[in-house]
Amino acid sequence: MDQTRRLRSVRAAWTAACLGLTLAAGSACAQTPPSTTPGTPVTARIPQGALVGVDEGDVRSFKGIPYAAPPVGDLRWRAPRPAAAWTGVRDASAFGADCIQPRPGWDDTQSKQPTSEDCLTLNVWAPETRTAEPLPVIVWIHGGGFIMGSGSQPLFDGARLASRGVVVVTFNYRLGRFGFFAHPALTAEAGDAPTANYGLMDQVAALRWVHDNINALGGDPERVTIMGQSAGGGSVLQLMTMAEARGLFRGAVVQSGGGRDHLPPLTAPAGQRSGESVGEAFAASVNLRNATAADLRALPAERVRGRLDLLNPERNTFTGPIIDGRLVTTQTLDAFTRGEQAPVPLIIGATNFELGSIPSFLRGMVADRTLEDVEVSKPDLMTIYGTSDTLNRAMPSELTFVEPARRLAALDAAAGHPVWLYSFGYVAESKRREWSGAPHASDLGYGFDTLGRLKGDYSEADQRIATAMADYWAAFARDGRPDASGQPEWPRYNPDSDRALLVGETGVSVGPSPEAARLDALGRLRDAARAVSP
């Protein structure tokens with residue numbers, strides 16, 4: 001019998017035995033079977049019912065757990081409803097389906113799971129040995145431009161982080177137009193309830209599930225740290241400004257999450273872009289004018305998905321997050337300026353060359369496209385960058401990610417909150433002829449300590465950086481401070497000294513923010529433009 005069939009046989013045998021015990025004694029399946037070895041089943045009981053997961057050696061994993069009801073049929077474009085309980089034992093050995101999204105061939109970091117509207121599941125990795133006290137929890141929010149990504153991506157395997165004494169949770173949330181969509185018919189139907197930002201509603205629902213259930217899996221609901229990168233980092237910032245998310249986390253980590261994004265309003269005067277105007281444009285594109293909510297929900301999923309992807313964002317018919325006035329009530333920068341963000345410890349930063357993987361001959365086009373969504377002009381930016389080559393190379397990264405991270409860190413420090421700033425500039429040894437800096441998302445395998453899940457060769461030096469980053473994240477989740485044993489001391493951010501953690505090819509150090517003078521000038525220019533914009 002081959003290994004796969006053997007594990008299936010063992011799992012089936014344990015599930016059958018566990019089911020019998022559950023029916024006879026109610027809670028017997030909450031116990032881990034004795035003398036487990038890697039690959040054998042382990043069981044737990046949460047309020048929804050009994051689970052059978054997998055022993056992975058140092059950790060136990062439970063995957064594909066529903067945290068909300070499937071948002072299908074009449075529940076499409078509604079706030080998430082509670083997940084149903086189940087009888088018997090639920091197989092939690094494999095991931096659930098990913099939320100509907102494109103599957104571009106150019107991104108080999110994505111999951112291979114099937115996609116479905118029935119996708120609101122989460123995954124938990126916990127140390128194999130239960131401790132007397134519950135452990136800190138890291139809840140990871142994936143990126144992907146609110147268009148793609150999932151909690152099942154191989155890079156986000158939580159085992160290596162969990163082995164450091166934390167519980168790790170990843171989850172899926174609705175994407176594309178399934179997750180972010182406004183239309184007058186849906187607004188009218190919602191009444192006083194939130195609308196439009198269904199993907200963000202899912203994130204809040206996942207955090208509530210963690211608060212209510214994670215103790216049964218070894219985690220401490222009072223020590224939850226939310227972490228995210230790119231759109232996931234932007235989501236963390238949004239959650240820091242939401243009343244509905246208060247009390248559901250006690251720390252936050254934002255990796256390349258922007259922060260100066262200008263979200264459209266739900267409604268606006270005729271001729272101005274709003275969530276509803278974009279939604280009506282989409283409805284018209286599928287021949288639904290004056291559509292009812294029922295008309296919209298009757299659309300086949302493939303029509304709703306359309307051709308939307310990161311290279312084709314379909315800006316005329318897709319918005320991403322929206323200021324809906326109920327769940328999302330303010331721009332992130334405005335909330336931080338007023339000191340209204342959640343008063344929790346924060347780590348924030350970006351890679352040093354976010355868009356560096358873009359070929360040089362396309363950088364001018366990317367720079368021009370970046371300027372379409374901001375208030376500043378290219379001539380004004382030339383006074384900062386000096387040459388077109390410098391502007392095309394550095395401006396998209398700095399304007400979109402690097403400057404906003406530093407600005408939010410300064411605002412958070414001014415509010416009296418503990419905040420730590422970083423700049424990730426490490427390039428794997430095998431990539432140094434190809435990359436002149438660390439591009440967007442290149443830090444993910446280091447923070448999760450999952451370099452082995454990436455294509456290519458990784459050296460001992462690369463692994464040392466991964467060890468350091470994962471140690472910092474685990475320490476922050478544990479203590480609310482990134483005081484990692486054996487790693488350089490990372491000081492709290494103070495705008496006057498402007499010291500950040502610098503992760504570079506010579507290792508990890510502490511020093512002034514890179515390109516500080518240019519970032520200061522860029523910030524002043526953006527603030528001035530923002531002050532006079534309508």
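No experiment lies behind these values; they were computed from the predicted model shown. Position 1 is the first residue of the sequence; numbering continues from there.
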Is there side-chain contact between [X] and [Y], with at least one heavy-atom pair below 4.5 Å?
X: Arg406; Y: Val402; answer: no
X: Leu237; Y: Phe336; answer: yes
X: Asn123; Y: Trp140; answer: no
X: Arg492; Y: Pro482; answer: no
X: Leu381; Y: Leu371; answer: yes
X: Val167; Y: Leu217; answer: no
X: Pro104; Y: Met148; answer: yes
X: Asp449; Y: Arg164; answer: yes

Run the numbers on Leu333 and Arg407 for side chain to side chain contact (heavy atoms under 4.5 Å, CB included), then give the verdict. CA-CA 9 Å; Leu333 184 63; Arg407 179 60 181 280; 4.2 Å; yes
Search all heavy atoms of [X] against all heavy atoms of [Y] and return the closest pair with its distance.
X: Asp498; Y: Ser513; answer: OD1-OG, 2.8 Å
X: Glu398; Y: Arg518; answer: OE2-NH2, 2.7 Å
X: Gly259; Y: Pro404; answer: N-CB, 4.0 Å
X: Pro345; Y: Arg250; answer: CD-O, 3.1 Å
X: Ala367; Y: Leu391; answer: CB-CD2, 4.1 Å
X: Ala415; Y: Gln341; answer: CB-NE2, 4.0 Å

Taking [Y]'s backbone N and O only, do any of them form a donor-acceptor pair with [X]'s side chain (distance below 3.5 Å, no angle check)?
X: Asn172; Y: Gly151; value: yes
X: Gln48; Y: Pro66; value: yes
X: Thr351; Y: Ala438; value: yes
X: Glu244; Y: Met242; value: no
X: Asp261; Y: Leu263; value: no
X: Ser430; Y: Asp457; value: yes
X: Asp462; Y: Ser459; value: yes
X: Arg363; Y: Pro396; value: no
X: Trp490; Y: Leu421; value: yes
X: Gln238; Y: Leu200; value: no

Taking side chain to side chain donor-acceptor pair (under 3.5 Å) as the criterion, tell me which of Thr195, Thr329, Asn197 meets it with Asp324. Asn197
Under a 3.5 Å cutoff, is there a donor and acceptor pairing between the side chains of [X] and [Y]?
X: Ser235; Y: Gln203; result: yes
X: Thr170; Y: His142; result: no
X: Ser256; Y: Glu354; result: yes

Can you name the one residue among Ile46, Leu135, Val124, Val139 that meets side chain to side chain contact (heavy atoms under 4.5 Å, CB included) with Ile214?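 Looking at Ile46, Leu135, Val124, Val139, the match for Ile214 under the side chain to side chain contact (heavy atoms under 4.5 Å, CB included) is Val124.
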Name the one of Ile347, Asp412, Asn494, Val344 that satisfies side chain to side chain contact (heavy atoms under 4.5 Å, CB included) with Val419?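 Answer after filtering Ile347, Asp412, Asn494, Val344: Asp412.
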Crowding at CG, Asn312 (>12 non-hydrogen neighbours, <6.0 Å):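 More than 12 within 6.0 Å, yes.
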Please indicate whether Arg369 has more than 12 foreign heavy atoms, meaning atoms of other residues, nucleotides or ligands, lying under 6.0 Å from its CZ.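 No, the 6.0 Å shell around CZ holds no more than 12 heavy atoms from other groups.
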Do the side chains of [X] and [Y] get close enough for a salt bridge, i.e. N-O under 4.0 angstrom?
X: Arg160; Y: Asp58; answer: no
X: Lys63; Y: Glu56; answer: yes
X: Arg103; Y: Asp98; answer: yes
X: Asp527; Y: Arg260; answer: yes

Cation-pi check, Arg208 onto Tyr67 ring (under 6.0 Å, within 45° of axis):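 Judged by the rule, Arg208 and Tyr67 form no cation-pi pair.
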Within 45 degrees of the axis of the six-membered ring of Tyr426 and under 6.0 Å from its centre: does Arg432 put its NZ or CZ there? yes
Trp473 and Gln255: side chain to side chain contact (heavy atoms under 4.5 Å, CB included), yes or no, with the steps? CA-CA 12 Å; Trp473 296 159; Gln255 300 173 239; 4.1 Å; yes
Test side chain to side chain contact (heavy atoms under 4.5 Å, CB included) applied to Gln463 and Tyr458, step by step: CA-CA 7 Å; Gln463 181 56 49; Tyr458 289 88; over 6 Å; no
Would you check, one step at a time, whether the test salt bridge (Lys or Arg N to Asp or Glu O under 4.0 Å) holds for Glu133 with Arg223? CA-CA 12 Å; Glu133 297 295 326; Arg223 287 197 293 167; over 6 Å; no
Start with the C-alpha distance between Leu120 and Arg174, add both sets of side-chain angles, then the distance that settles side chain to side chain contact (heavy atoms under 4.5 Å, CB included), and finish with yes or no. CA-CA 8 Å; Leu120 300 186; Arg174 281 173 280 183; 4.3 Å; yes
Is there a ring pair (Phe, Tyr, Trp, His ring centres under 6.0 Å) between Phe156 and Phe448 once you walk through the steps? CA-CA 6 Å; Phe156 307 148; Phe448 272 85; 5.4 Å; yes
Are Tyr472 and Tyr422, when compared by the centres of their aromatic rings, separated by less than 6.0 Å?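 Centroid separation for Tyr472 and Tyr422: 6.0 Å or greater.
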